[in-house]
Each structure stands twice: as structure tokens, then as C-alpha cells.
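Below is one structure; the comments refer to it alone.
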Amino acid sequence: MCSPVGPRWLSLENLLEEGRDQGVYTAAVAAVGLKGELLWQDAAGQVRREPNSPAASLDTIFDLASLTKPLATTLALMLLAHRGFLSLATTLE
């Protein structure tokens, strides 16, 4: 745990730990802010799958290049759905 956890942030800390425990990712870092104020931050997991790999920290840098295509595609589809060009039930072929 990298920041004090109170009841308000416990669910977010648990979410980070669950994702790691379920194998969704090996490590994650998250932060919550509002109007320029950092309210909470935490890190979970290890930077690699190998035993004795370093723990993730608030300074861990992640390569997000592989996320560009699915994130951009999802954003485009959500905009099209919002503008009425397709439905979320539309089948893509």
C-alpha cells in the first residue's frame, strides 16, 4: 500500500488487488484526483511475472502501446452510438 487507506478508498485498493490476484494484470498503479488535488493513489503487484520481480510503485512506468487500438476503437464506437449511427446491440462483421 502506497498511501493511507481509509474506508472511502478501500474499495479501490481492493479492486487493484483483485485484478492482480485474478491474473488480469501483473501490476497496476491508480490515482484519484479532483480539481488538481491528489486524493488517493496506490500500486499493486509486481512489474514482471517472474518470482522476486520488483514490486510496482507509484513511479512504475507502463508501456501502453498495445492499448491504443482497442481504446481508440471503443471511443469511436461509443461516439457513433451516442450520435445515433449505431446501437450498442449492433453486430459488427
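For the numbers below, each heavy atom of this structure counts, side chains included, while hydrogens, waters and symmetry mates do not. Since the model is a prediction, treat every value here as computed from it, not as a measurement.
Taking both residues in full, the closest heavy atoms of Trp9 and Leu39 are given as CZ2-CB, 3.7 Å, listed atom of the first, atom of the second, then distance. Contact between Leu88 and Met78 at its shortest, heavy atoms only, is CD2-SD, 3.9 Å. Closest approach of Ala43 to Ala56, counting heavy atoms only: CB-O, 3.7 Å. Of all non-hydrogen atoms in Arg49 and Thr26, the two that sit nearest each other are CG-CG2, 3.3 Å. Contact record, Phe62 with Val29: CE1-CG2, 3.6 Å, taken as the closest heavy-atom pair.
Placement of Phe85 and Leu77 within a single hydrophobic cluster is found when ILVMFWY residues are connected by side-chain heavy-atom separations under 4.5 Å, directly or transitively. Side-chain heavy atoms closer than 4.5 Å link hydrophobic residues (I, L, V, M, F, W, Y) into clusters, and following such links, possibly through other members, connects Val32 to Leu16.
Considering Leu86, Thr90, Leu75 as possible partners of Leu80, the one that fulfils the side-chain contact (heavy atoms from CB on, under 4.5 Å) test is Leu86.
Atom CZ of residue Arg48 and atom OG of residue Ser53 lie 4.0 Å apart, to the nearest 0.5 angstrom. For the atom pair CH2 of Trp40 and CG of Leu10, the computed distance is 10.0 Å after rounding to the nearest 0.5 Å.
Heavy atoms of other residues, nucleotides or ligands lying less than 6.0 angstrom from CG of Leu79 number more than 12.
Looking only at side-chain heavy atoms (C-beta outward), Asp42 and Leu12 stay at 4.5 Å or farther from each other.
Of the possible polar contacts, one joining the Thr74 side chain to the Pro70 backbone as a donor-acceptor pair under 3.5 Å is found.
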